[in-house]
Amino acid sequence: MAATVNAVKKPSVLAQYQPSDSLTKHIYLTFDDGPLNGTANCITICEREKVAASFFEIGLHQSRSKQGRMLYEQIKANESLFTLSNHSYSHAYGKYLWFYQHPDAATLDFLKGKAVLGPSNNLVRFPGNNAWDTKDAKKASWLVKPLAHRMDSLGWDVIGWDMEWRFNKHGKPVQSPEAIALLVDSLFAHNQTKTKNHLVILMHDHMFAATADSLKLAKMVGLLKQYPHYEFEKITHYPGLKNALN
Ligand SMILES: [Zn+2]
């Protein structure tokens, strides 16, 4: 009889121990290819809106100018909001096919990027390719698979994206802020993200160089902040990474 009572009570007891954030949807804003014109606006807007963001930087861009180094320092200085990660040293100099066909050289390029950028994590993003390699998330085309394996053997995580705020031939945002916010909502609602309830948005720093375009970024962030269950997080908090990271 006691067993029956326990059996009846069990669901409500379990319900009490549901994780409190089971409704939370995690958004990772990622800005690629900086430091560039536009990086300063990304930093300013995220700081003003108090939202976390992650910068996948190119070593060459950081090291080639005083302004690049200054922006890099600004990102590194705000550890509570920002993460800086390795997006290679050269971005393959735009020659992606060659880059992925020569995984040893590509690995050296990432190691050079790491030396220049000094990231506090081992997260990388491939140039021009949406590949994933974490403990749980895997995605690599035949072309990039050899490099993904090398990254994995180094214990590094490869981070792709769930959706992109695209830019046109002039480098300006294609979709409206409203369209981006709706797409976020839709991907969460239909469980179309790499990891359930976690969504990575790819953007590029240069899209927000002009003031009018930077206002679009602020608008998009403002729209997403209206959802009570949406939380902005650094990419180092993405679940299933190979290393414990800050
Ligand atoms: Zn890139």
Side-chain angles (χ1 to χ4, degrees), residues 28-43 46 53-65 67-69 71-72 75-76 82-103 105-119 121-134 137 139-141 143-148 150-151 156-175 180 194 199-209 213-214 217 234-236 238:
Y28 305 83
L29 303 176
T30 64
F31 297 101
D32 278 19
D33 294 3
L36 286 171
N37 286 337
T39 306
N41 283 341
C42 298
I43 293 171
C46 290
S54 308
F55 293 83
F56 284 92
E57 291 215 324
I58 298 174
L60 189 59
H61 290 178
Q62 189 272 118
S63 58
R64 72 183 172 187
S65 74
Q67 197 207 9
R69 285 191 294 277
L71 291 165
Y72 161 86
I75 293 165
K76 295 274 275 187
F82 300 143
T83 288
L84 189 142
S85 294
N86 186 356
H87 190 35
S88 79
Y89 177 76
S90 69
H91 209 271
Y93 297 108
K95 300 191 183 328
Y96 303 118
L97 193 58
W98 189 95
F99 188 78
Y100 293 113
Q101 284 174 338
H102 296 81
T107 301
L108 287 176
D109 194 75
F110 271 104
L111 286 168
K112 191 173 177 185
K114 182 182 167 80
V116 170
L117 296 165
N121 56 74
N122 283 326
L123 305 187
V124 301
R125 177 170 277 163
F126 283 3
N129 192 284
N130 187 6
W132 287 85
D133 197 306
T134 68
K139 178 185 172 187
S141 66
L143 178 65
V144 307
K145 203 162 261 180
L147 183 59
R150 278 166 176 77
M151 298 287 113
W156 295 3
D157 289 286
V158 181
I159 303 292
W161 57 89
D162 293 299
M163 57 174 278
E164 179 178 3
W165 195 347
R166 298 191 311 275
F167 57 87
N168 63 21
K169 62 181 178 182
H170 304 295
K172 291 177 171 295
V174 172
Q175 304 101 310
I180 292 296
K194 194 77 184 159
L199 183 144
V200 180
I201 306 178
L202 166 65
M203 296 169 280
H204 287 80
D205 301 30
H206 63 72
M207 293 164 59
F208 308 109
D213 294 322
S214 73
L217 174 61
K234 299 194 289 186
I235 197 67
T236 42
Y238 194 85

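As the structure lists them, so they are numbered: ligands from 1, and atoms in each ligand from 1.
Remark: side-chain polar atoms of Asn121 are paired, donor with acceptor, to backbone N or O of Leu84 under 3.5 angstrom. Counting only distance, with no hydrogens or angles, the side chain of Glu57 and the backbone of Gly113 share no donor-acceptor pair below 3.5 Å. Asn86 places no side-chain N or O within 3.5 Å of a backbone atom of Val124 that could act as its donor or acceptor partner.
Around the Zn ion (ligand 1), the protein N, O or S atoms found under 2.8 Å comprise Asp33 OD1, His87 NE2, His91 NE2.
In this structure, Trp156 and Phe110 have perpendicular ring planes: the angle between them is above 60°, well past the 30° mark.
Side-chain contact annotation: His91 with Asp33, donor-acceptor N/O pair under 3.5 Å present.
For Trp165, the ring-ring contact (aromatic ring centres under 6.0 Å, His included) test picks out Phe208, with sequence neighbours left out.
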